[in-house]
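Structure first, then comments.
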There are 2 protein chains.
Amino acid sequence: MAVTMNDVARLAGVSLKTVSNVLNDYEFIRPATKQKVLDAIDELGYEANLTARSLRSGKSRMLGLVLSDLSAPYYAELASRLMSVASARGYRVLVEQSAALEENELSALHGPFRQLTDGLLFTPLRLDPDTVAGRIGSKPLVMLGEHIQDPRFDTVTMKNVRAAQAMTAHLLAGGRRRIAVIGASAGDSTGSPGLRLTGYRRALDEAGVGFEPALIVPSEWRRDAGASAVEALLDRAVPFDAVFGLNDALALGAMHELLIRGVKVPQDVAVAGFDDIDEARFASPSLTTVAPGMQEIAERSVGLLIDRIEGKEKSDDGVHVEAGFELRIRSSAP
Amino acid sequence: MAVTMNDVARLAGVSLKTVSNVLNDYEFIRPATKQKVLDAIDELGYEANLTARSLRSGKSRMLGLVLSDLSAPYYAELASRLMSVASARGYRVLVEQSAALEENELSALHGPFRQLTDGLLFTPLRLDPDTVAGRIGSKPLVMLGEHIQDPRFDTVTMKNVRAAQAMTAHLLAGGRRRIAVIGASAGDSTGSPGLRLTGYRRALDEAGVGFEPALIVPSEWRRDAGASAVEALLDRAVPFDAVFGLNDALALGAMHELLIRGVKVPQDVAVAGFDDIDEARFASPSLTTVAPGMQEIAERSVGLLIDRIEGKEKSDDGVHVEAGFELRIRSSAP
DNA sequence: GCCGCTTTCTGCAACGATGTATCCAGATGT
DNA sequence: ACATCTGGATACATCGTTGCAGAAAGCGGC
């Protein structure tokens, strides 16, 4: 059927292993031999069988990416960038959607999916550190995001606290005093919601503004859920002059609901988000948000993971990378 | 290292091949034997090595998905759905971004990527049918989208012409007479742009409204490009009372630019899109658009591809599936 | 008791590459 | 002149499965 190394070897008049050596850039090969092999490869249109290579070598040059839902715009943009970065280093990315279900996160961690990949970019939303540590296996794993903060793991994350604090400070500086937060529960202190909420509280403290639990609305991080959250706020008649959506999708859903209800943005209520997805720039009004250095996150996490796979990163402890951030001040909260 | 079939066989006291038979649901196995094997598998926590299986059997249970850019919202949503549908049938999806470059489309077609997958969901933007036909290889391939319309290929597409016609008719019914189209060139007649433009022209004809090339603005199908296109229209002072963006991203970018320039939507200019991405519902004003039956497209294309792979679909000619559509009339063009 | 058929299970080869050991020729050292 | 070393190539085993052929056991029919 397909052309194999054997065919190439025969045509080039060398042994099978020599062909293999040429392909793997083995040092000691006479240029003439190498050329013969390359010519034969060319003539036959030979392409290495990755499955066989993978079986024999134990490496697949694939990275696994586990996230809850690829259609969420932040994840879509992140995945796209991760794939580009990985591609530049000769790796592919295999994506698995967990739907934020514990069982799916678990099976991604030690099921067939794990086996197919040389390393994992893992965005857990449900599992706790000890469970992960228990099933981590021997292949490298880089945590993406902040649901799990544990010194044992390599982690690439963003400055959630400081970024949320900066954004809240910006809203306060604009004269807002009753800033609703959508996407966290008042008691959260870990995970992305908790960390961003912490930043919010710090900014309030700094400004001497009291924290009001009624302003904190739990919500899934989706547009529709953001809209529902605003609905709830308005229906409960909790007064507020700003909404800080803990991600952009949420914030955009919230903003939409505000506008529908006749609330003027930003005159009556300012709206801020987090992520700086492309959509934010083109919303109306355009969305003020935090740009969390997505490209940096993509480059560092893929780089770290591949370095681990290839044994270039040897640190015994988990490496912890925190990407920088910038506020993008736009019309929704000038 | 890992547990192999051999370990299971030893523990269960049967031959290696019997273990394999159990795993592959071979018919003639005594229930007692089967149970012994299953127990051994359980006890050892055995998991089949997919790479070895794939090498031996020639099947990977992976589908390839080639698209230009995963961060484009339509593709992100589509990919997410395709993955879910595939997953339900026991397949994974490996995504490759082509960046709409011919060389990438080509290499996806017969490079290592092809080798890793049992079949391809292909969204070409550059290649022509004959090139594809020449390099298609022996594995199944399903065309997604309409850049290539060729009876030789299995194709899953949407009713571009009729949907665009219906949307244009809706705009005309709302009294709009100078409907700008963004995302096609006046001469296009093939591919998604061409087909949608054709639908537009048919609706104009039906209504007895003349076609004006100056209203047709070519553009990439991205938000920023949509914004630039509107900028160009306004700068050229071409009068228009509606904008039909040939996809939602485009339409949303266009709408954003209109609003920035102080043009009222929909009072001064109505805006319509195509795709019904989630974002459209939550835009302000919410975007009138065409819902092209994305779930149906996902189900039919994955179903068809897997049926081909498993030999259940035997038609010699290309199977052609056209998903239904619905207009979603929202505030941007009531 | 022999034949043929089905049921149940086994052994060996093969998929297409890479790792290890080895071999040979020529260069080098003494 | 002989042992040693090194560059350049090869042979063979191996990765963990599945396909194929066939063996052993059970069973009914004559």
Side-chain angles (χ1 to χ4, degrees), chain A residues 1-38 40-41 44-62 111-112 114-116 118 138-139 310-311, chain B residues 1-38 40-41 44-62 111-112 114-118 138-139 309-311:
Chain A
M1 198 76 148
V3 183
T4 77
M5 263 192 179
N6 235 317
D7 303 325
V8 175
R10 204 169 3 243
L11 179 63
V14 298
S15 80
L16 184 131
K17 189 64 225 274
T18 298
V19 178
S20 168
N21 285 338
V22 170
L23 264 72
N24 292 288
D25 284 320
Y26 179 63
E27 197 178 355
F28 302 118
I29 298 184
R30 240 181 320 192
T33 313
K34 184 165 181 172
Q35 197 51 52
K36 269 195 303 185
V37 171
L38 292 177
I41 287 178
L44 296 173
Y46 167 77
E47 274 176 356
N49 181 319
L50 299 186
T51 306
R53 174 176 291 172
S54 170
L55 173 60
R56 185 64 245 241
S57 68
K59 303 266 164 211
S60 63
R61 295 192 81 83
M62 284 213 277
R114 194 74 200 285
Q115 207 189 83
L116 286 169
D118 293 342
S138 55
K139 290 181 182 172
E310 299 182 346
Chain B
M1 196 79 144
V3 183
T4 78
M5 265 195 179
N6 236 316
D7 304 323
V8 175
R10 203 167 5 239
L11 179 63
V14 297
S15 79
L16 182 117
K17 189 65 229 271
T18 299
V19 179
S20 168
N21 284 339
V22 170
L23 264 71
N24 292 288
D25 284 319
Y26 179 63
E27 197 179 354
F28 302 116
I29 298 184
R30 243 184 317 194
T33 313
K34 185 165 181 174
Q35 197 52 52
K36 270 195 304 185
V37 171
L38 292 176
I41 288 178
L44 296 174
Y46 166 77
E47 274 176 355
N49 182 319
L50 299 185
T51 307
R53 175 175 290 172
S54 171
L55 172 60
R56 183 66 246 237
S57 69
K59 302 268 165 209
S60 63
R61 294 191 81 84
M62 285 213 276
R114 194 73 199 285
Q115 208 190 82
L116 286 169
T117 54
D118 293 342
S138 55
K139 289 183 184 172
I309 290 169
E310 299 181 348

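Numbered from 1 within each chain, the chains take letters A, B, ... in sequence-line order.
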Requested in this report: Tell me which of A:L16 and B:F28 sits closer to the 5' end of DNA chain C, going by the nucleotide each one is nearest to.
Outcome: B:F28
Report task. Using whole Å, report how far CG of B:L116 lies from P of C:dC15. Result -> 20 Å
Query raised in the report: C:dG19 P sits how many Å from A:D25 CG, rounded?
Result: 13 Å
Requested in this report: For residues B:V19 and B:V14, determine if any side-chain heavy atom of one lies less than 4.5 Å from a side-chain heavy atom of the other.
Outcome: yes
**Report entry** Separation of D:dG16 P from B:L23 CG (nearest whole Å)
**Finding:** 15 Å
**Report entry** Side-chain N,O (A:R30) to OP1/OP2 (D:dG8) below 4.0 Å
**Finding:** no
Requested in this report: Answer yes or no: does a side-chain N or O of B:N6 lie under 4.0 Å from OP1 or OP2 of D:dG16?
Outcome: no
Report task. Can you establish whether the number of heavy atoms outside B:K34 located under 6.0 Å from its atom NZ is more than 12? Result -> no
Query raised in the report: Short question: side chain of B:K36, backbone of B:G13 - any donor-acceptor pair under 3.5 Å?
Result: no
Query raised in the report: Across the strands shown, which category fits A:L55 at heavy-atom distances under 4.0 angstrom: base, sugar-phosphate, nothing?
Result: base
Report task. Considering just the side-chain nitrogens and oxygens of A:R56, establish if one lies under 4.0 Å of OP1 or OP2 belonging to C:dG16. Result -> no
Report task. Select one nucleotide: of C:dT10, C:dT18, D:dT17, the one nearest the side-chain heavy atoms of A:R53. Result -> C:dT18
Report task. Tell me what A:T18 touches on the nucleic acid: a base, only sugar-phosphate, or nothing, going by heavy atoms under 4.0 Å. Result -> base
Requested in this report: Among the candidates D:dG16, C:dG19, C:dA17, find the nucleotide nearest to the side-chain atoms of B:A52.
Outcome: D:dG16
Report task. Using the closest heavy atom to pick a nucleotide of DNA chain D for each, name whichever of B:V19 or A:T33 lands nearer the 5' end. Result -> A:T33
Query raised in the report: Whole Å only: how far is the CE atom of B:M5 from the P atom of C:dA14?
Result: 20 Å
Query raised in the report: With a 4.0 Å cut-off on heavy atoms, is B:L50 in touch with a base, just the backbone sugar-phosphate, or nothing at all?
Result: nothing
Query raised in the report: Want to settle it: does B:I29 or B:S57 sit nearer the 5' end of DNA chain C, counting the closest nucleotide to each?
Result: B:I29
Report summary line: Here the distance between atom P of C:dT8 and atom CG of B:N24, to the nearest Å, is 17 Å
Query raised in the report: Would you say B:Y46 reaches D:dT17's phosphate, i.e. side-chain N/O to OP1/OP2 under 4.0 Å?
Result: yes
Query raised in the report: Can you check whether A:S15 has a side-chain N or O nearer than 4.0 Å to OP1 or OP2 of D:dA11?
Result: no
Requested in this report: Using atom NZ of A:K59 as one end and atom C1' of C:dG16 as the other, report the distance to the nearest whole Å.
Outcome: 20 Å
